[in-house]
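Working notes, beginning with the structure itself.
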Amino acid sequence: MTDGSPARTLQLSPDEMRALGYRVVDMVVEHVAGLHARPAAGGEPRAELERRLREPPPEEGRGWESVLERVRADVMGPMSHVDHPRFFAYVPSPSNFVGAMADALVAGFNPFAGAWPVAAGPAQVELVTVDWLRQLCGLPEGAGGLFVSGGSMANLTALAAARHRRFGTGDFSRAVLYCSDQAHSSILRAARVLGFAPEQVRVLPAGAGFRLSPAGLERAAEADRAAGREPFFAMASAGTTNTGAVDPLAEIAESCRRAGLWMHVDGAYGAPAALTDEGKALLRGMEEADSISLDPHKWLFQPFEAGVVLLRDARALRDAFRMVPEYLRDSDLAAEEVNFRDWGVQLTRSFRALKLWMTLQVFGLAAVREAVAWGIRLAEAAEEELRASPAWEIVTPAQLGIVTFRFAAGDDDLQRRITAAMLRDGWAMLSTTELAGRAALRLCTINPRTTEDDVRETVRRLERIAHAEAG
Ligand SMILES: *Cc1c(COP(=O)(O)O)cnc(C)c1O
């Protein structure tokens with residue numbers, strides 16, 4: 001090998017870089033353009049993938065053509081597609097190509113999005129994009145936040161900031177936080193990671209419609225206060241993952257005010273519905289929150305990873321997270337220049353804002369609003385199709401793109417067998433959940449590529465599967 005050879009410098013010639021890059025783009029375009037014609041669900045058993053992929057790292061390079069072919073066949077092949085128009089499980093991630101290319105640009109330029117002096121342009125775009133989301137959520141000027149990996153990290157970041165505001169670095173052993181039993185589990189993990197004991201987290205039973213009861217919240221906080229504990233934080237859901245239910249945010253805001261609680265709204269899944277008139281009405285009161293989580297990698301159509309946390313008073317982030325060790329002092333700058341490394345857990349951080357910014361620049365907010373509205377309508381179409389057959393009972397009606405239901409003549413086990421059979425079939429993918437102690441099938445229809453026919457045909461196929469499984 002000669003000095004400075006391509007292998008040793010880990011470089012390709014400009015022509016080879018282009019050839020590799022174009023091939024990658026072709027692969028992604030084939031994936032996206034071919035989605036409708038392929039199964040939604042897929043995978044292989046561990047043993048089979050061990051056989052295909054287990055090996056020592058190759059001592060000699062193999063050339064990118066054959067490596068890419070393996071990636072296509074053995075890595076990206078055996079999986080379900082969360083961007084597939086008939087992927088209705090969990091919360092899909094119907095990402096878009098502009099967002100994907102933005103991520104490619106970010107990987108290529110590799111900005112260090114933690115410090116203004118190193119990446120000023122990216123920091124300004126993040127400020128602007130976060131501010132668009134602030135306006136979407138109705139928070140006042142002065143509110144702010146940052147991009148994080150996803151909703152889990154957004155919830156954790158908000159909880160850490162709220163705790164610091166109340167307790168500083170002092171004793172929080174009597175602190176109590178509240179959420180409903182429909183809240184996303186990430187808040188429980190955040191509490192554990194942040195060192196709260198299990199008994200410091202009150203999981204309140206949801207009331208009617210699987211919504212957190214404001215009166216129940218206030219009573220719980222009063223009882224804790226009377227017992228000498230220090231209630232400080234409540235999380236409401238702007239769209240639960242289970243049913244799309246929105247907690248009564250305006251009333252909860254009043255309860256939080258009276259009880260002296262920081263109000264966090266988990267809008268990881270549902271907050272973008274505020275783009276539509278219908279969603280805005282449902283989410284009334286979200287603008288009263290002290291902090292809000294969003295997940296642009298769900299209903300704002302971005303590739304993983306993209307979460308956002310917003311704080312009514314953005315200074316609370318800096319108070320909670322800022323550290324200035326000696327080796328970072330010369331990048332600690334003027335007040336109006338933001339070092340996002342001071343606002344969250346990550347020092348080195350990727351430039352996640354670009355994908356949402358570019359998506360909005362290229363397609364416009366109106367197109368995103370229409371895409372969200374379409375997702376809401378599709379769940380209504382699914383509900384209509386379900387109601388048209390006596391085989392089904394609706395558990396929760398279509399809300400924010402989620403409908404839950406049961407095969408009326410079956411027990412819990414049958415509901416799960418229906419889902420498993422559809423998974424084996426691969427045509428569509430859905431998931432089950434448990435509501436009021438009973439299994440329910442669940443469709444989440446937030447992919448703008450999904451057609452009404454996709455949804456109706458899925459319901460019809462489910463019914464055939466259900467009858468076959470019921471024997
Ligand atoms: C998905 C989700 C989360 C967790 O977000 P991740 O991006 O998966 O970390 C939190 N809350 C709600 C309501 C969610 O739907």
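Numbering of ligands and ligand atoms starts at 1, following listing order. Keep in mind that this is a model prediction, so the values were computed, not measured.
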Can you work out which protein residues put a heavy atom within less than 4.0 Å of ligand 1? G150, G151, S152, N155, H184, S186, G239, T241, D266, A268, Y269, D295, H297, K298
R461 charged N/C atom sitting above W427 aromatic ring, 6.0 Å / 45°: yes
R163 charged N/C atom sitting above F172 aromatic ring, 6.0 Å / 45°: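 That pair qualifies as a cation-pi contact.
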Salt bridge present between D224 and R174 (N-O < 4.0 angstrom): no
Under 3.5 Å, is there a donor-acceptor pair between the [X] and [Y] side chains?
{"X": "S186", "Y": "N155", "answer": "yes"}
{"X": "T419", "Y": "T432", "answer": "no"}
{"X": "H264", "Y": "S293", "answer": "yes"}

